[in-house]
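Hydrogens, waters and symmetry mates play no part in the numbers below; they use all other heavy atoms, side chains included.
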Amino acid sequence: QVQLVESGGGLVQPGGSLRLSCAASGSSSSIRAIGWYRQAPGQQRELVAAITSGGTSHIADAVKGRFTISRDNAKNTVYLQMNSLKPEDTAVYYCVASRTLGAVVGGKYDDWGQGTQVTVSS
């Protein structure tokens, strides 16, 4: 079993930055890709970014150029660096994991965290 715990969310002003962390614990031998989804009130969840253990990444068009995803395999942790934040980035951000990047991008993830709230407002 794999447990995913998100951290780093909070309140930030437009134009500010936050870094989210997703820490995986337990048996993660089958986990090859971790990603981030977000869901705003009244909206469907959407993919933000995903990355494999080898460093291959996928960034959603809505955040490309502002967000970056990286991982530290030794720490079993994935990071989402969010810069130039906009009010429309406000959402609950969820960490998800699966065996392949394609599965994460396609929404077929095996594990997910409880989410961390990101609020962008003045």
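- In the hydrophobic clustering (ILVMFWY side chains linked at under 4.5 Å, chained through shared members), Val5 stands by itself.
- Residue pairs meeting the side-chain hydrogen bond (donor to acceptor under 3.5 Å, both in side chains) criterion with at least one member in residues 56-68, sequence neighbours excluded, are Arg66-Asp89.
- Residue pairs meeting the disulfide bond (SG atoms under 2.5 Å apart) criterion with at least one partner in residues 60-111, sequence neighbours excluded, are Cys22-Cys95.
- Partners of Gln117 under the side-chain hydrogen bond (donor to acceptor under 3.5 Å, both in side chains) rule, at least two apart in sequence or in another chain, are Thr119.
- Across all non-hydrogen atoms, the minimal contact from Thr90 to Val120 is OG1-N, 2.9 Å.
- Applying the side-chain hydrogen bond (donor to acceptor under 3.5 Å, both in side chains) criterion to Gln39, with sequence neighbours excluded, gives no partner residue.
- Listed by chain and number, the residues in a side-chain hydrogen bond (donor to acceptor under 3.5 Å, both in side chains) with Tyr79 amount to none (sequence neighbours excluded).
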Are Val48 and Leu80 close enough, and set up right, to give a side chain to side chain contact (heavy atoms under 4.5 Å, CB included), and what steps lead you there?
CA-CA 9 Å; Val48 179; Leu80 182 68; 4.0 Å; yes

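- Members clustered with Tyr109: Tyr37, Leu47, Val96, Leu101, Val104, Val105, Trp112, by chain and number, using a 4.5 Å side-chain heavy-atom cutoff among hydrophobic residues.
- Here Glu46 pairs with Arg38 under the salt bridge (Lys or Arg N to Asp or Glu O under 4.0 Å) rule; sequence neighbours left out.
- The side-chain hydrogen bond (donor to acceptor under 3.5 Å, both in side chains) test applied to Gln81 returns Asn83, not counting sequence neighbours.
- One side chain, Ser98 or Asp110, offers a donor N or O that lies under 3.5 Å from an acceptor on the other.
- Residue pairs that meet the salt bridge (Lys or Arg N to Asp or Glu O under 4.0 Å) test with at least one member in residues 4-26, sequence neighbours left out, do not exist here.
- Residue pairs that meet the disulfide bond (SG atoms under 2.5 Å apart) test with at least one member in residues 41-78, sequence neighbours left out, do not exist here.
- Scanning for ring-ring contact (aromatic ring centres under 6.0 Å, His included) contacts around Phe67 gives an empty result, with sequence neighbours left out.
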